[in-house]
2 protein chains.
Amino acid sequence: MNMEPIKQRYSRQRETILQVVQSTLVHPNADWVYKETRKIIPNISLGTVYRNLNQLVESGRILKLKDEAMVRYDGNTGQHDHFRCSKCGKWYDVELIDQSIFKSFAEKHDFQIESFNLELEGTCKNCLDS
Amino acid sequence: MNMEPIKQRYSRQRETILQVVQSTLVHPNADWVYKETRKIIPNISLGTVYRNLNQLVESGRILKLKDEAMVRYDGNTGQHDHFRCSKCGKWYDVELIDQSIFKSFAEKHDFQIESFNLELEGTCKNCLDS
DNA sequence: AAGTTAATAGTAATAGTTACTGTTATGTTT
DNA sequence: AAACATAACAGTAACTATTACTATTAACTT
């Protein structure tokens with residue numbers, strides 16, 4: 001059983017993709033990165049962009065926003081936030097102590113806030129115990 | 001030009017979908033709602049489920065989590081949160097005053113927190129001014 | 001220089017969601 | 001109560017974001 005760590009080779013494609021993501025503040029999606037990278041490497045393929053973005057996320061060199069692509073619904077329209085257990089995938093409703101801190105914080109930034117979406121992720125009690 | 005408000009008619013399908021979503025705490029996705037609703041209305045179509053879920057969200061009777069399906073990336077791996085302008089769609093990096101409040105808050109709930117994802121949505125300075 | 005295999009380009013497949021089309025049924029008007 | 005207008009439907013096709021597959025290319029090792 002070969003337990004050597006998988007070697008990561010250099011590739012111009014990955015290096016360019018990293019530079020593209022690091023060079024902007026627009027929080028791009030994969031397609032934006034693809035189009036920008038094609039300006040430098042015209043025949044790069046979309047699959048390569050996705051593969052490398054995922055690798056760069058895994059190696060901690062870039063961040064990924066929105067882990068779950070799927071939309072989810074909640075019949076409870078009262079004010080609350082969400083916690084998702086990364087082990088069992090369950091969603092929990094949680095109550096944030098005081099949302100007013102966001103309001104004052106937003107005013108400082110000159111934003112007019114319409115909604116908060118606080119999602120915490122981690123391990124729930126059940127999964128910690130077992 | 002007809003400016004009458006669009007009338008919403010009653011349908012057993014929509015009513016059942018609403019009950020299904022309101023009857024659970026699992027924060028279901030569309031497919032779960034579809035399967036559950038089919039136990040009551042066996043020949044309901046998936047399109048009907050999606051259409052009604054969206055309508056129920058619009059009329060404020062249920063909540064939608066994760067507005068944007070698309071994944072986005074960020075070359076800035078430093079600690080920060082995000083604000084999205086619903087008018088122009090732009091994402092802004094923002095600094096939350098003190099994330100430690102989430103930690104203490106999470107301890108109360110017996111969760112082991114691995115990551116925070118705070119996303120604020122609203123209107124940005126630019127769009128407010130113009 | 002030869003060999004190994006990670007990474008690639010290009011394409012096919014998958015999953016979640018929306019759009020389309022002809023039919024059904026709700027609410028309204030005679 | 002019958003006729004009407006159209007919201008909503010079931011069923012299916014289309015679309016979009018993402019992943020998987022395959023034969024080829026090119027980094028690194030020996």
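In this text the structure is predicted, and so the values were computed from the model without any measurement. Just so we're on the same page: letters track the sequence lines, and every chain starts at 1.
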Inset, instruction - Give one of base, sugar-phosphate or nothing for A/Leu46, where a contact means two heavy atoms less than 4.0 Å apart. - result: base
Inset, instruction - Would you indicate which nucleotide in D/dC9, C/dA7, C/dT17 comes nearest to any side-chain atom of B/Ser11? - result: D/dC9
Inset, instruction - Tell me which nucleotide among C/dA7, D/dT18, C/dG10 gets nearest to the side chain of A/Ala30. - result: D/dT18
Legend entry - Touch class at under 4.0 angstrom, heavy-atom based, for A/Asp31 against every strand present: nothing
Inset, instruction - Measure from CG on A/Asn52 to C1' on C/dA6 and round the result to the nearest Å. - result: 11 Å
Legend entry - Presence of A/Arg14 side-chain N/O under 4.0 Å of C/dA7 phosphate oxygens OP1/OP2: yes
Legend entry - Presence of donor-acceptor pair under 3.5 Å, side chain of A/Arg9 and base of C/dT5: yes
Legend entry - For atom CZ of A/Arg12 and atom P of D/dC28, their distance in whole Å: 15 Å
Legend entry - Gap between atoms CG and C1', on B/Asn54 and D/dC9 respectively (whole Å): 16 Å
Legend entry - Nucleotide nearest B/Tyr50 when distance is taken to its side chain, options D/dA10, C/dT17, C/dA7: C/dT17
Inset, instruction - Measure from CG on B/Asn43 to P on C/dT24 and round the result to the nearest Å. - result: 12 Å
Legend entry - Length of the line joining A/Ile44:CD1 and C/dT11:C1', which is rounded to integer Å: 16 Å
Legend entry - Hphob cluster co-occupancy, A/Leu128 + A/Tyr92, side-chain heavy atoms under 4.5 angstrom: no
Inset, instruction - State plainly whether the residues A/Arg12 and A/Glu15 are in salt-bridge range, i.e. N to O under 4.0 Å. - result: no
Legend entry - For atom CD of B/Glu58 and atom P of C/dT18, their distance in whole Å: 11 Å
Legend entry - A/Thr48 side chain, from C-beta outward: closest of D/dA10, C/dA9, C/dA7: C/dA9
Legend entry - Enclosure of B/Leu25 CG (heavy-atom neighbours >12, cutoff 6.0 Å): no
Legend entry - Atom-pair distance (CD on A/Gln8; P on C/dT4), nearest Å: 23 Å
Legend entry - Rounded distance in Å - CD (A/Gln13) to C1' (D/dA27): 11 Å
Inset, instruction - Return yes if some donor-acceptor pair links the side-chain N/O of A/Arg14 with the main-chain N/O of A/Leu56 below 3.5 Å, else return no. - result: no
Inset, instruction - Taking only the side-chain heavy atoms of A/Tyr10 (C-beta and beyond), determine which of D/dA27, D/dA10, C/dA9 contains the nearest atom. - result: D/dA27
Legend entry - Residues that A/Tyr34 engages under side-chain hydrogen bond (donor to acceptor under 3.5 Å, both in side chains), provided they are two or more places apart: A/Arg38
